[in-house]
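What follows is a short report on a single structure.
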There are 2 protein chains.
Amino acid sequence: MTSTLSVFALGGLYEIGKNMYAIEYEDDIIVIDCGNKFPDESLLGIDLIIPDITYLQENKDRVRAIIVTHGHEDHIGGIPYLLKKINMPVYATRFTLGLIEIKLKEHRILRESELHEIHSDSQLQLGKINVSFFKVNHSIPDCLGIVFDTPEGTVVHTGDFKFDLTPANQEQPEIHKMAQVGNKGVLLLLSESTNAERKGFTPSEQMVGENLENMIMRSRQKVIVSTFASNISRVQQVVEASEKTNRKVVLLGRSMVNVVGVALDRGYLTAPKEMFIEADEIDDYPPEKVTILCTGSQGEPGAALSRLSTGNFRGVDILAGDTVILAAGPIPGNEKNVSVIIDNLYMLGANVIYGSGSSSGMHVSGHGYQEDLKLMLTLMKPKYFIPIHGEYRMLHHHRQLAQSVGVEKENIFILNNGDVVDIEDSIARSTRTIPAGSTYVDGIDVGNMEFVLRDRKQISEDGMLMLILTMSKPDARMLAEPEIISRGFVDKNFSELRKGIIKIIHNTVEELHEENRYSWNTKKKNIKRLVAKYVKDRTRKSPMIIPILIEV
Amino acid sequence: MTSTLSVFALGGLYEIGKNMYAIEYEDDIIVIDCGNKFPDESLLGIDLIIPDITYLQENKDRVRAIIVTHGHEDHIGGIPYLLKKINMPVYATRFTLGLIEIKLKEHRILRESELHEIHSDSQLQLGKINVSFFKVNHSIPDCLGIVFDTPEGTVVHTGDFKFDLTPANQEQPEIHKMAQVGNKGVLLLLSESTNAERKGFTPSEQMVGENLENMIMRSRQKVIVSTFASNISRVQQVVEASEKTNRKVVLLGRSMVNVVGVALDRGYLTAPKEMFIEADEIDDYPPEKVTILCTGSQGEPGAALSRLSTGNFRGVDILAGDTVILAAGPIPGNEKNVSVIIDNLYMLGANVIYGSGSSSGMHVSGHGYQEDLKLMLTLMKPKYFIPIHGEYRMLHHHRQLAQSVGVEKENIFILNNGDVVDIEDSIARSTRTIPAGSTYVDGIDVGNMEFVLRDRKQISEDGMLMLILTMSKPDARMLAEPEIISRGFVDKNFSELRKGIIKIIHNTVEELHEENRYSWNTKKKNIKRLVAKYVKDRTRKSPMIIPILIEV
């Protein structure tokens with residue numbers, strides 16, 4: 001009897017965010033990453049979205065471990081929620097572990113978690129699966145691609161990557177190792193697709209360094225650089241340019257302080273301790289001797305840059321002539337928030353350096369463009385290919401790239417979360433699915449919130465009208481005039497509208513009573529329908545109508 | 001005694017949208033444009049935003065007319081609301097008037113409106129102000145710049161413009177006229193700033209025509225082109241390419257049918273009537289003989305393209321191999337909605353042509369880039385300059401452009417809506433403001449809705465809890481257990497939470513009664529505060545708390 005090798009995603013397909021993949025062979029399931037995703041505006045009041053892990057809970061006993069490719073939120077943000085449900089060993093590199101530990105501490109489960117540090121030369125035996133690694137470049141230190149050797153063949157997961165041959169942190173991608181893996185034969189490749197729509201090779205991080213340095217050198221006053229805290233290479237380049245110009249560096253924003261702290265502690269950032277000063281020491285130095293490194297490059301309200309731009313950061317002011325560099329392009333969806341900040345900075349008289357994508361020279365993407373993706377496909381020469389990590393159009397373009405370098409069209413699987421690829425005797429098929437979807441986190445509640453969101457949505461658009469009927473318990477007689485209470489709803493002729501509604505309520509109750517129908521449910525249904533229609537006709541609005549019975 | 005010439009905006013500054021400017025001299029006020037703006041997600045349920053016209057209402061008797069530069073929504077969308085408050089003559093070109101008439105008909109005020117057709121050689125005498133015009137290029141036909149000759153000097157308003165020397169509709173910009181105006185001397189220029197951040201000259205619409213034609217020629221199946229209905233030049237180019245390839249053209253979407261109708265009726269679009277077929281005739285033709293022109297290029301849910309992309313347009317299917325061209329770049333903020341449509345189209349197997357800005361070759365902007373703006377400034381040689389039509393960063397860059405071609409820095413005014421520039425004896429000052437702001441349109445209600453929005457926002461984020469207390473009127477005794485009703489709020493231990501809330505209510509009422517405090521207001525305030533704190537502590541959420549008293 002032959003066994004089946006199965007591969008699937010619990011998140012990360014048809015979307016950007018909440019990456020979570022798994023590989024399964026006989027009694028062993030290995031999980032790769034567990035990220036979160038931030039909700040769009042339609043998910044009113046939801047804080048976070050994480051993958052649905054029903055399948056893993058049902059197969060708890062076979063889950064051997066989670067291996068984490070790198071420390072970005074969309075790859076580690078769901079780990080605390082996962083570990084609370086299923087305690088499993090976590091394997092990650094030193095820097096990635098540092099970021100995971102911060103999260104586990106916040107959720108108060110650090111002590112009971114089983115964390116293992118790995119590096120790119122580690123070898124793991126998890127059940128019947130042997131696991132090894134190769135270094136890749138991305139926009140955060142210490143990123144891995146993963147090689148799974150199974151009895152059925154080799155599966156490679158790239159993690160997030162680009163090929164940067166002159167990386168700012170001197171960490172070259174392990175191309176020779178990748179070539180070796182490819183030469184030995186890869187049955188299945190899972191490779192990330194974020195930039196599959198973009199032509200050419202990703203520019204090198206080195207370019208950003210040169211531009212940052214030029215700009216910091218030329219500035220005669222304070223320089224404020226905003227970037228992702230996790231982009232330690234860029235932080236390093238800002239630190240070095242500041243060192244050359246004798247500037248002290250101030251870190252603003254919680255995640256900047258946290259992440260740079262981890263990077264310094266663990267040796268991923270090289271900087272003399274005395275270079276860093278606190279925000280309240282800024283005034284002790286002339287403006288041309290200060291660089292501020294801050295969060296908020298995506299325009300997040302409440303983050304450091306946003307507060308600086310409106311003059312609401314206690315003790316730190318942006319003055320006319322200061323230079324503000326947005327060293328990170330806006331992620332799609334964040335353009336508007338970023339624009340507001342740029343406007344505010346100009347109003348303060350600052351010199352603002354920004355631009356979409358790499359057009360300002362102050363940002364390059366951490367995700368490989370088309371030529372990077374083709375290089376990975378060429379190195380790995382996989383028989384089967386699953387493009388991962390992306391919206392459908394990205395997966396679609398990645399499929400075309402794979403075909404262009406020789407992967408057979410019928411051997412490429414565009415999957416959705418929960419679709420399973422089963423490989424048996426070297427033949428791959430995708431015919432079954434497992435549960436997969438979104439789990440919403442709202443406050444401290446985790447779960448399915450669809451009906452709550454539906455209510456929030458209706459009320460948020462047109463408000464609501466509560467109709468409170470006070471009736472005597474014994475004979476269902478109305479004891480007082482119905483109360484009409486509105487929230488989020490306004491009408492210039494409200495008193496007239498109220499009279500109309502009260503009349504409808506009286507008539508409905510009377511008519512039903514004449515027919516000997518006394519149930520509150522029937523009354524409620526009729527009142528709701530008639531009042532909704534009446535309000536819609538008169539105001540063109542559809543507030544939520546909530547009839548409430550008080551029995552005395 | 002000398003008189004003052006005043007200029008101000010009621011909308012269009014520090015924003016994109018709801019353009020409305022005015023010029024005032026002694027007893028004459030002339031309004032320029034009255035647009036609308038679409039709300040962002042923070043304005044829950046608001047349909048439209050229009051300028052606050054308090055100042056004009058207070059000076060009704062002096063308002064001579066509104067002159068409209070062109071027919072885009074952000075320049076005409078507020079006109080029906082304006083005319084309902086102040087009936088004034090409307091001056092606009094033939095095409096623009098056609099679009100305004102559609103709106104006035106919808107609002108049922110077409111008959112009582114006073115509409116005057118003008119063209120670029122018209123001359124108007126409005127009080128002491130003489131008005132003349134010059135043609136400009138934009139992305140809609142029949143656009144005007146306006147020249148106001150006042151006793152104090154000449155004021156020029158550019159309208160929206162670019163310089164397209166090979167426009168698709170053969171309507172050249174009247175550069176010689178502009179040069180003449182500049183030569184005679186311009187006291188004050190108001191020029192639009194939308195693309196003041198972009199380097200170079202705007203590409204010509206001709207480029208789009210060539211690319212569209214190539215793509216339509218090469219396609220062996222149905223071609224679907226989505227663009228702004230008002231971009232008649234682009235519609236014309238699609239029609240011509242379809243004619244060359246013997247394709248029939250189908251118009252989908254209400255505004256496409258309306259606007260193309262106006263353009264055909266009034267001679268702005270040249271096409272044989274028999275070229276157009278209805279949606280239900282598509283199946284009578286082979287797929288390579290059909291072009292569909294549709295709305296929805298901004299990803300608007302409910303518009304034609306969105307419905308086509310999900311297979312929800314009755315009678316019209318997009319099939320594998322069809323070509324879909326998005327001949328309009330996404331306006332900032334619409335990127336996400338557009339992406340969803342592209343994903344869906346790829347899932348249907350369509351070949352999708354898209355790209356941001358002009359990168360796909362299927363779109364060019366209608367707003368002049370930096371070199372266009374410098375050309376206008378150079379032609380007009382104004383003494384004073386007010387950059388208009390844009391967010392602050394655009395106005396800021398436009399100021400820098402003006403300085404680069406010789407306008408004195410201190411003669412440039414960056415204004416906000418409501419700021420007034422007064423010119424007396426050729427000296428301009430900006431020292432006073434008039435009321436200006438946003439008026440929200442929600443359903444058929446027009447007005448200030450701030451408190452309603454605040455309620456909607458709180459409920460949309462965390463839901464609400466109604467606490468209904470039934471008390472006897474004479475002695476304020478509780479007649480029943482308080483009712484707790486929630487909407488948009490969920491908690492896994494709700495029954496426990498409910499018990500806690502009820503206990504708080506009982507305690508609060510009791511304690512107040514012991515102190516002989518019986519007023520409902522005091523009870524309400526205390527209950528609200530204590531329950532909110534209790535719920536926040538237990539759930540980390542802040543639903544709106546609504547205590548309601550029922551007295552029997």
Side-chain angles (χ1 to χ4, degrees), chain A residues 14 40-42 44-45 332-333 335-336 339-340 342-347 352 354 356 391-393 396-397 442-445 447 449 451-464 466 468 470 472 479-480 483 485 487-492 539-541 544 546 548-552, chain B residues 14 40-42 44-45 332-333 335-336 339-340 342-347 352 356 391-393 396-397 442-447 449 451-464 466 468 470 472 479-480 483 485 487-492 539-541 544 546 548-552:
Chain A
Y14 283 51
D40 64 20
E41 310 81 35
S42 69
L44 298 162
E335 295 87 351
K336 273 200 169 177
S339 298
V340 171
I342 295 169
D343 285 333
N344 289 336
L345 291 169
Y346 273 126
M347 287 184 222
V352 192
Y354 61 101
S356 68
E391 308 267 4
Y392 184 83
R393 63 192 180 283
H396 168 87
H397 281 275
D442 176 27
I444 51 177
D445 260 344
M449 311 249 320
F451 75 98
V452 172
L453 286 169
R454 212 166 36 231
D455 283 357
R456 287 184 187 170
K457 192 163 162 45
Q458 189 183 358
I459 298 173
S460 74
E461 280 169 1
D462 282 337
M464 60 167 189
M466 284 169 275
I468 304 175
T470 319
S472 79
L479 292 176
E483 283 274 354
I485 291 170
R487 284 290 184 284
F489 173 87
V490 74
D491 182 66
K492 48 177 179 266
T539 66
R540 295 199 203 157
K541 277 172 271 193
M544 175 178 279
I546 312 176
I548 298 169
L549 171 70
I550 302 293
E551 287 192 313
V552 183
Chain B
Y14 284 50
D40 65 20
E41 311 80 35
S42 69
L44 299 162
E335 294 86 352
K336 273 203 170 174
S339 298
V340 171
I342 295 169
D343 284 333
N344 289 335
L345 291 169
Y346 272 127
M347 288 185 221
V352 192
S356 68
E391 308 269 4
Y392 184 84
R393 63 191 179 283
H396 168 88
H397 282 275
D442 176 26
I444 51 176
D445 259 343
V446 175
M449 312 249 317
F451 75 98
V452 172
L453 285 170
R454 213 168 33 232
D455 284 356
R456 287 184 188 169
K457 190 160 161 49
Q458 189 182 358
I459 299 174
S460 75
E461 280 170 2
D462 282 338
M464 58 168 191
M466 285 169 276
I468 304 174
T470 319
S472 80
L479 292 176
E483 283 273 352
I485 292 169
R487 284 291 185 281
F489 172 86
V490 75
D491 182 66
K492 48 179 179 266
T539 67
R540 294 200 205 157
K541 279 171 271 193
M544 175 178 278
I546 312 176
I548 298 167
L549 171 69
I550 302 294
E551 287 192 312
V552 183

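Basis for what follows: all heavy atoms, side chains included, without hydrogens, waters or symmetry-related copies.
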Portion of [X] that has a non-hydrogen atom of chain A nearer than 4.5 angstrom:
X	value
B/Ser339	both
B/Ile548	side chain
B/Ile459	both
B/Glu483	side chain

Hey, what do you get for [atom1] ([X]) to [atom2] ([Y]), rounding to the nearest 0.5 Å?
X	Y	atom1	atom2	value
A/Met347	B/His396	CE	NE2	11.0 Å
A/Met466	B/Met464	CE	CE	5.0 Å
B/Ile550	A/Ile550	CD1	CD1	6.0 Å

Which of B/Asp343, B/Thr470, B/Leu345 touches chain A most, by non-hydrogen pairs under 4.5 Å: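 Looking at each option in turn, the highest pair count goes to B/Asp343.
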Sort out for me which of A/Ile485, A/Ile546, A/Leu479, A/Ile342 touches chain B most, counting heavy-atom pairs under 4.5 Å.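 Answer, by heavy-atom pair count under 4.5 Å with chain B: A/Ile546.
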Do B/Arg393 and A/Val352 touch side chain to side chain, with heavy atoms closer than 4.5 Å?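 Sidechains of A/Val352 and B/Arg393: no contact.
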So do A/Thr539 and A/Phe489 actually touch side chain to side chain, heavy atoms under 4.5 Å?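 The answer is yes, as the side chains (C-beta and beyond) meet within the 4.5 Å cut-off.
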Given heavy-atom pairs under 4.5 angstrom as the criterion, report whether the side chain, backbone, both or neither of A/Glu335 touches chain B.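 Just its side chain gets close to chain B.
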What orientation do B/Tyr392 and A/Tyr346 show, parallel under 30°, tilted 30 to 60°, or perpendicular over 60°?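 B/Tyr392 and A/Tyr346: tilted rings.
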